Amino acid sequence: MLIRVKNLSKVYKNNNDEVYALKNINLEINSGEIFGIIGLSGAGKSTLIRCLNRLEEPTEGKISIDDIEITNLNKKDLRNIRSEIGMIFQHFNLLSSKNVYENIAFPLELEGKNKKEINERVETLLKYVDLEDKKLSYPSHLSGGQKQRVAIARALANNPKLLLSDEGTSALDPKTTKSILQLLNKIRKEFGLTIVLITHQMEVIKDICDRVAIIEDGEIIELDTVGKVFANP
Ligand code: ADP
Ligand code: ADP
């Protein structure tokens, strides 16, 4: 998916307090690329990525995904575009009352898929993320890396074209981080997915991103290929 962000601003208003979380962000993310957004805590990374699937309402500016302007969609069109976007989170956000199989099946149930379709898709995904032997386990019995694999499988359930990762590796140790990044890379290659990931970990960007934006106080201060942004001067 091709993403265009134009003059995007986000102001959070609490009582009399105003926080300028994003200030006039402009960027384009190419179809099939892994685009990284890096910055310190509070820089605006989460707000930016949440605007991309309209979990957050921009205050100003426009976002288009494959030439569809998503900042003024009705509920139905917004649902359609969201079904093309998968998201993973730092704390995995799995349903603790559901086992691995059921967690992955859940978005398919919401889409109204029948039992047979669901079963086939979930079994395929379980194989893909290498968790076939864990399908009856509950999240509390999984390691961090396994939980993130479940979350990735769930995010892929509806065949999205765009995968958003909000600090998807920051709760993991370096070795597990590596394996999750390898999985994301494999997903990009095999499905031609566009991946946007935010992180405060430099290694993550260097490992798998094609291009990177550095965000500081709600503004993009650098945007280029990873090689150029992190080249030694
Ligand atoms: P990051 O993901 O880079 O840590 P965030 O996007 O979470 O940054 O936050 C950017 C700024 O917006 C911070 O100053 C943060 O405190 C503020 N912020 C985020 N969410 C809210 C909210 N719901 N209400 C008020 N301020 C918020
Ligand atoms: P049916 O009764 O229509 O054949 P089942 O619900 O028995 O379908 O599911 C068939 C297979 O799907 C099971 O062997 C199992 O692999 C998987 N499955 C279905 N529901 C669950 C679940 N809640 N937890 C784990 N696996 C499930």
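Please read these numbers as outputs of a predicted model, since none were measured by experiment. Both ligands and their constituent atoms are indexed starting at 1 by order of listing.
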Heavy atom of protein inside 4.0 Å of atom 27 (C) of ligand 1, strictly below: yes
Sub-4.0 Å atoms of ligand 1 with respect to non-hydrogen atoms of Ser41: 4 (O)
Nearest protein heavy atom with distance in Å, relative to atom 16 (O) of ligand 1: Val19 CG1, 4.9 Å
Show every donor-acceptor pair shorter than 3.5 Å between a side-chain atom in residues 214-224 and any protein atom, with sequence neighbours excluded, or say none if there are none.
none

Check: Gly44 N/O within less than 3.5 Å of ligand 1 N/O: yes
Within reach of ligand 1, part of Leu40 (heavy-atom separation under 4.0 Å): backbone
Given Asp17, Thr59, Thr47, the one that forms side chain to side chain donor-acceptor pair (under 3.5 Å) with Tyr12: Thr47
Glu167 and its side chain to side chain donor-acceptor pair (under 3.5 Å) partner, picked from His91, Gln201, His200: His200
NZ/NE/NH1/NH2 to OD/OE distance under 4.0 Å, Lys135 and Glu123: yes
Closest protein heavy atom to atom 2 (O) of ligand 1, given as residue, atom name and distance to 0.1 Å: Ser46 N, 2.8 Å
Smallest separation among heavy atoms of Leu156 and Leu193, with atom names: CD2-CD1, 3.7 Å
Distance filter under 4.0 Å to Thr47 heavy atoms, resulting ligand 1 atoms: 5 (P), 6 (O), 9 (O)
